[in-house]
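Structure, as structure tokens:
Along the sequence shown, residues are numbered consecutively beginning with 1. No hydrogens, no waters, no symmetry mates; every other heavy atom, side chains included, goes into these values. We count ligands from 1, going down the list as the structure has it; atoms in each ligand are counted the same way. Note that the structure is predicted; figures quoted are calculated from it, not measured.
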Amino acid sequence: MAKKVAVIGAGVSGISSIKCCVDEDLEPTCFERSDDIGGLWKFTESSKDGMTRVYKSLVTNVSKEMSCYSDFPFHEDYPNFMNHEKFWDYLQEFAEHFDLLKYIQFKTTVCSITKRPDFLRNWSVGCGHRDRGQAK
Ligand SMILES: Cc1cc2nc3c(=O)[nH]c(=O)nc-3n(C[C@H](O)[C@H](O)[C@H](O)COP(=O)(O)OP(=O)(O)OC[C@H]3O[C@@H](n4cnc5c(N)ncnc54)[C@H](O)[C@@H]3O)c2cc1C
Ligand SMILES: *[C@@H]1O[C@H](CO)[C@@H](O)[C@H](O)[C@H]1NC(C)=O
Ligand SMILES: *[C@@H]1O[C@H](CO)[C@@H](O)[C@H](O)[C@H]1NC(C)=O
């Protein structure tokens with residue numbers, strides 16, 4: 001049986017972690033506290049949740065060749081340095097291309113990760129009384 005892996009957060013790091021798990025025949029479940037992917041690249045007008053995010057005028061300062069995932073180059077017509085909307089679009093294209101969204105449980109905040117007492121190799125990932133399962 002495939003090993004279960006918990007990925008916390010569906011930002012730049014999280015969605016590439018999901019893909020790496022799938023590539024290695026692992027069984028990822030990604031827990032994302034917000035309702036969308038992209039992490040700090042998901043622009044919102046206000047940050048009521050206190051999370052740091054891109055600001056309205058933000059343009060990337062790393063070229064597209066240097067900031068793409070190595071297995072998913074930017075479209076030819078993307079500018080070398082782009083605004084945050086385009087960068088978020090890229091992340092969405094990446095997630096859709098590799099069919100990663102189905103592994104993400106949105107609106108799910110992880111509050112604790114604890115070793116299970118019964119099996120040394122298993123971990124419990126949970127929030128309050130809602131135990132979302134185990135990962136190894
Ligand atoms: C203003 C700004 C500009 C930047 N510009 C550039 C740039 O031009 N080029 C560049 O390469 N990098 C830039 N960066 C760096 C940026 O940190 C990275 O590009 C990248 O977004 C980091 O991704 P991440 O997935 O590690 O974290 P994040 O994007 O922060 O994603 C973390 C995700 O985890 C979720 N999460 C957190 N805690 C929990 C929890 N307990 N339970 C469930 N979900 C949780 C969050 O909701 C979020 O979706 C910039 C950063 C900032 C702040
Ligand atoms: C991009 O901006 C960040 C934040 O100001 C800075 O730390 C980083 O060195 C910059 N990168 C380049 C390539 O200019
Ligand atoms: C813990 O891991 C073992 C061995 O991989 C597995 O058989 C078992 O079902 C897991 N226990 C729980 C409670 O998930």
What is the distance from atom [atom1] of [X] to atom [atom2] of [Y], rounded to the nearest 0.5 Å?
| X | Y | atom1 | atom2 | value |
| --- | --- | --- | --- | --- |
| Cys21 | Lys4 | SG | NZ | 13.5 Å |
| Leu58 | Leu40 | CG | CG | 9.0 Å |
| Lys102 | Thr29 | NZ | OG1 | 12.0 Å |
| Ile113 | Trp123 | CD1 | CH2 | 8.0 Å |

- Task: Apply the ring pair (Phe, Tyr, Trp, His ring centres under 6.0 Å) test between Phe74 and each candidate in Tyr90, Tyr69, Phe94; give the one that qualifies.
- Result: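 Result: among Tyr90, Tyr69, Phe94, Tyr90 is the only option passing the ring pair (Phe, Tyr, Trp, His ring centres under 6.0 Å) with Phe74.
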
- Item | Lys64: salt bridge (charged side-chain N to carboxylate O under 4.0 Å, His left out) partners, not counting sequence neighbours | none

When you measure from the side chain of [X] to the backbone N and O of [Y], does any donor-acceptor pair fall under 3.5 Å?
| X | Y | value |
| --- | --- | --- |
| Trp88 | Ile37 | yes |
| Arg33 | Val110 | no |
| His84 | Val59 | no |
| Thr60 | Met82 | yes |
| Thr108 | Phe106 | yes |
| Glu32 | Ser34 | yes |

- Query: What do you reckon, does Glu32 have a nitrogen or oxygen under 3.5 Å from a nitrogen or oxygen of ligand 1?
  - Reply: yes

- Item | Protein heavy atom under 4.0 Å of atom 40 (C) of ligand 1 |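 Within 4.0 Å of atom 40 (C) of ligand 1, protein heavy atoms are found.
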
- Item | Under-4.0 Å protein heavy-atom contact, atom 27 (O) of ligand 1 |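 There is no protein heavy atom less than 4.0 Å from atom 27 (O) of ligand 1.
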
- Query: Heavy-atom contacts under 4.0 Å between Ile37 and ligand 1: side chain, backbone, both, or neither?
  - Reply: neither

- Taking heavy atoms and a distance under 4.0 Å, where does Lys42 meet ligand 1: side chain, backbone, both or neither? neither

Just need the protein heavy atom nearest to [atom], so name the residue and atom and give the distance.
| atom | result |
| --- | --- |
| atom 22 (C) of ligand 1 | Val12 CB, 4.4 Å |
| atom 52 (C) of ligand 1 | Leu40 CD1, 4.0 Å |
| atom 34 (O) of ligand 1 | Gly9 CA, 3.1 Å |
| atom 42 (N) of ligand 1 | Val110 N, 2.9 Å |
| atom 36 (N) of ligand 1 | Arg33 NE, 3.9 Å |

Ligand-side contact atoms (ligand 1) for residue partner [X], heavy atom cut-off under 4.0 Å:
| X | answer |
| --- | --- |
| Thr60 | 8 (O) |
| Leu58 | 1 (C), 2 (C), 3 (C) |
| Ser13 | 23 (O), 24 (P), 25 (O), 26 (O) |
| Asn61 | 7 (C), 8 (O), 9 (N) |
| Gly39 | 29 (O), 31 (O), 48 (C), 49 (O) |

- Message: I'd like to know if Asp25 and Lys3 make a salt bridge, using a cut-off of under 4.0 Å between side-chain N and carboxylate O.
- Response: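 No.
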
- Message: Does the residue Met51 have a heavy-atom contact with ligand 1, meaning some pair of atoms that are separated by less than 4.0 Å?
- Response: yes

- Query: So is Val54 close enough to ligand 1, meaning a heavy atom under 4.0 angstrom away?
  - Reply: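 It does not; every heavy atom stays at 4.0 Å or beyond.
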
Check ligand 2 for N or O atoms under 3.5 Å from a protein N or O and list each pair with its distance.
residue	atom	partner	partner atom	Å
ligand 2	2 (O)	Asn61	ND2	2.2
ligand 2	11 (N)	Asn61	ND2	3.1

- Using the ring of each side chain (for Trp, its six-membered ring), is His75 parallel, tilted or perpendicular to Tyr78, with breaks at 30° and 60°?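 Plane angle between 30° and 60°, so tilted.
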
- Parallel, tilted or perpendicular: which fits the ring planes of Trp41 and Phe87, with parallel below 30° and perpendicular above 60°?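 Tilted.
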
- Task: Counting heavy atoms only, name the option from Phe87, Trp41, Phe31 that's nearest to atom 6 (C) of ligand 1.
- Result: Trp41

- Pick, from Ile104, Thr108, Val62, the option with the minimum heavy-atom distance to atom 11 (O) of ligand 1.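 Minimum heavy-atom distance to atom 11 (O) of ligand 1 goes to Val62.
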
